[in-house]
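A short worksheet on the structure shown next.
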Amino acid sequence: MDRSLPKEAAAEGGRFSGPAPEAVQAGLLAWYDRHRRRLPWRALPGETPDPYAVWLSEIMLQQTTVAAVKPYFEAFLARWPRVADLADAPLEEVLTAWAGLGYYARARNLHACAKAVTQRHGGRFPDSETELRDLPGIGPYTAAAIAAIAFDRPATPLDGNIERVTARLFAVTEPLPGVKPKLQALAATLTPAARPGDFAQAKMDLGATVCLPRTPKCLLCPLEALCSARAAGLADQLPRKAPKAPKPTRRGVAFWLTRPDGAVLLRRRPPKGLLGGMTELPSSDWTTEGPKEGAATAPAVVPWRALPGLVRHTFTHFHLELTVWVGRVQDWQDIDGFWVPLDGLGAAGLPSVMQKIAKHAIKAGG
DNA sequence: AAACCGTGGGG
DNA sequence: TCCCCAAGGTT
């Protein structure tokens, strides 16, 4: 299993046909000292990072933009200032606070990780990649990122930004995801012994602001003279990626059921899977065939009225089209779920798709 | 190992 | 409108 170095490197006795690491390190760190972004979770120069804040930000930032994360990060840190506070919180409260950020398994794992750090490590995050990797929700990227950023360990995180920067620096033309181990090995040859955390963040900042996916700003890049893809005129074509599978459309019915006092029926979803553990409006199954007997899955036997229009939403691997049915009940004692007044929906922690359903129903006068 | 798992912004 | 993408992990 030779995935430590590319073949051509071994053939050259360990030398890479890429830029000199010392030049990349010096150029990128100098650029970072001038252009570093001020982010809520980022320690200022000379400050000691808080591993809890670093971990929290890294989990939130998985597949999620900086702009989306900012308000959630602030809210979580204000509400649960230390990892033990988060560990003591009920999971439902964590899920409610996470609502709208997506990938809800992250919130479940966040809570489990807080408990593990509190119980297994006495409330302090471990500083080695291996121990970090053993915690829920922490994979290869996040373990390396925390080790480097929070503990200044010479680790080599490889996220989407660093994949792109590395593929271009070395002009790697094979497609992702197959080429990822090679990119990891190439990236590791660049990691400096001094300031590895800053170096990792510098690569991510460069990828986010200069070495962009579509139209890289090579004229502004501190590594332009060192970049093999730039020299070959390939920068805007790398990294190559395998084609993605098309998304099917699933259809279903969502039920907006209200009581005489105006409260609406909500439920909690099963603990795992899509939107696992989150609050929902009751609905039929979502299938590519569409609902045959919508009434059969309704939460109550009442006269249902289908609202005009559709609620559309796109998940990671399918499109969703929902019809909304509205109904009213007089007797609700045998109905499974819980009732929330309309002015309490905002605090109920609904995922975005459920917010869309509620908005559609309220606008239509449900 | 390939499938599953959210959301919002930008081109 | 549609596709791409974002500090990926789990099963």
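In the text below, chain A, chain B and the rest are named by the order of the sequence lines, each starting its count at 1. Computed over heavy atoms, backbone and side chain alike; hydrogens, waters and symmetry mates excluded.
- In this structure, CG of A:L350 is placed 15 Å from C1' of B:dT7, rounded to the nearest angstrom.
- Between A:K180 atom NZ and B:dA2 atom P there is a gap of 14 Å when expressed in whole angstrom units.
- Across the protein-nucleic acid pair, A:K247 atom NZ and C:dC3 atom C1' stand 8 Å apart, rounded to whole Å.
- Straight-line distance from the NZ atom of A:K272 to the C1' atom of C:dT10: 10 Å, rounded to whole Å.
- Residue order along DNA chain B, read from the 5' end via each residue's closest nucleotide, puts A:L275 first among A:L275 and A:R214.
- Across all strands shown, A:P157 has no heavy atoms under 4.0 Å from either base or sugar-phosphate atoms.
- At a threshold of 4.0 angstrom between heavy atoms, the contacts of A:L101 include nucleobase atoms, whether or not backbone atoms are also involved.
- Rounding to whole angstrom units, CZ of residue A:R106 and P of C:dT10 are separated by 12 Å.
- In terms of hydrophobic clustering, with Ile, Leu, Val, Met, Phe, Trp and Tyr side chains grouped at heavy-atom distances under 4.5 Å, A:L234 and A:V210 are assigned to different clusters.
- Taking every side-chain heavy atom of A:Y104 into account, B:dG6 is the closest of B:dG8, C:dA7, B:dG6.
- When the C1' atom is used for both C:dC5 and B:dC5, the distance is 16 Å, rounded to whole Å.
- The residue A:R133 sits close only to the backbone: its heavy atoms come under 4.0 Å of sugar-phosphate atoms, none of a base.
- When distances run from any side-chain atom of A:H317 to the nucleotides C:dA6, B:dC5, B:dG6, the shortest one goes to B:dC5.
- Both A:M354 and A:F318 are members of a single hydrophobic cluster when ILVMFWY side chains are connected at heavy-atom separations under 4.5 Å.
- Proximity note for A:Q62 (side chain, C-beta onward) versus B:dT7, C:dA7, C:dG8: the nearest is C:dG8.
- Among the heavy atoms of the strands, none lies under 4.0 Å from A:I146.
- Comparing the same atom, P, in C:dA7 and in B:dG11 gives a spacing of 15 Å after rounding to whole Å.
- Residue whose closest nucleotide on DNA chain C sits further toward the 5' end, between A:V66 and A:N109: A:V66.
- When the P atom is compared between C:dA6 and B:dC4, the two are found 22 Å apart, to the nearest whole Å.
- At C:dA7, none of the side-chain N or O atoms of A:T142 fall inside 4.0 Å of OP1 or OP2 (strictly under the cut-off).
- When each of B:dT7, C:dA7, C:dG8 is scored by its nearest atom to the side-chain atoms of A:S352, the top-ranked nucleotide is B:dT7.
- When the P atom of B:dG8 is taken as reference, atom CG of A:L61 falls 16 Å away, rounded to whole Å.
- Among the nucleotides C:dC5, B:dT7, C:dT10, the one closest to the side chain of A:V353 is B:dT7.
- Test A:R240, A:K182, A:K241 against A:E174 for salt bridge (charged side-chain N to carboxylate O under 4.0 Å, His left out) and you get one pass: A:K182.
- Counting distance only, with no hydrogens placed and no angle test, the side-chain atoms of A:T64 and the base atoms of C:dG8 include no donor-acceptor pair under 3.5 Å.
- With hydrogens and angles ignored, no donor-acceptor pair under 3.5 angstrom links the side chain of A:T65 to the base of B:dG8.
- Within 4.0 Å (heavy atoms only), A:G276 reaches no atom of the nucleic acid at all.
- Distance, A:I357 CD1 to B:dG6 C1': 14 Å, rounded to whole Å.
- Note on A:F315 and A:V311: same hydrophobic cluster, where clusters join Ile, Leu, Val, Met, Phe, Trp and Tyr whose side-chain heavy atoms are under 4.5 Å apart, directly or indirectly.
- Within 4.0 Å (heavy atoms only), A:R164 reaches sugar-phosphate atoms of the nucleic acid but no base atom.
- If you take atom C1' in C:dG8 and the same atom in B:dA1, they sit 16 Å apart, rounded to whole Å.
- Within a 6.0 Å radius of CZ in A:R124, no more than 12 heavy atoms belonging to other residues, nucleotides or ligands are found.
- A:H313 has a side-chain polar atom (N or O) that falls below the 4.0 Å cut-off from OP1 or OP2 of B:dT7.
- One can place CZ of A:R108 at 10 Å from P of B:dC5, the figure rounded to the nearest angstrom.
- With P as the reference atom, C:dG9 and B:dG8 are 22 Å apart, rounded to whole Å.
- You'll find the side chain of A:Y104 stays beyond 4.5 Å of the side chain of A:K272, heavy atoms only.
- Side-chain proximity of A:K244 to the nucleotides C:dA7, C:dC4, B:dT7 is greatest for C:dC4.
- Within the 4.0 Å cut-off from OP1 or OP2 of C:dA6, not a single side-chain nitrogen or oxygen of A:Q63 is found.
- No continuous path of ILVMFWY side-chain contacts below 4.5 Å connects A:L223 to A:L220, so the two sit in separate hydrophobic clusters.
- Residue A:W55 is out of contact with every strand shown, counting any heavy-atom pair closer than 4.0 Å.
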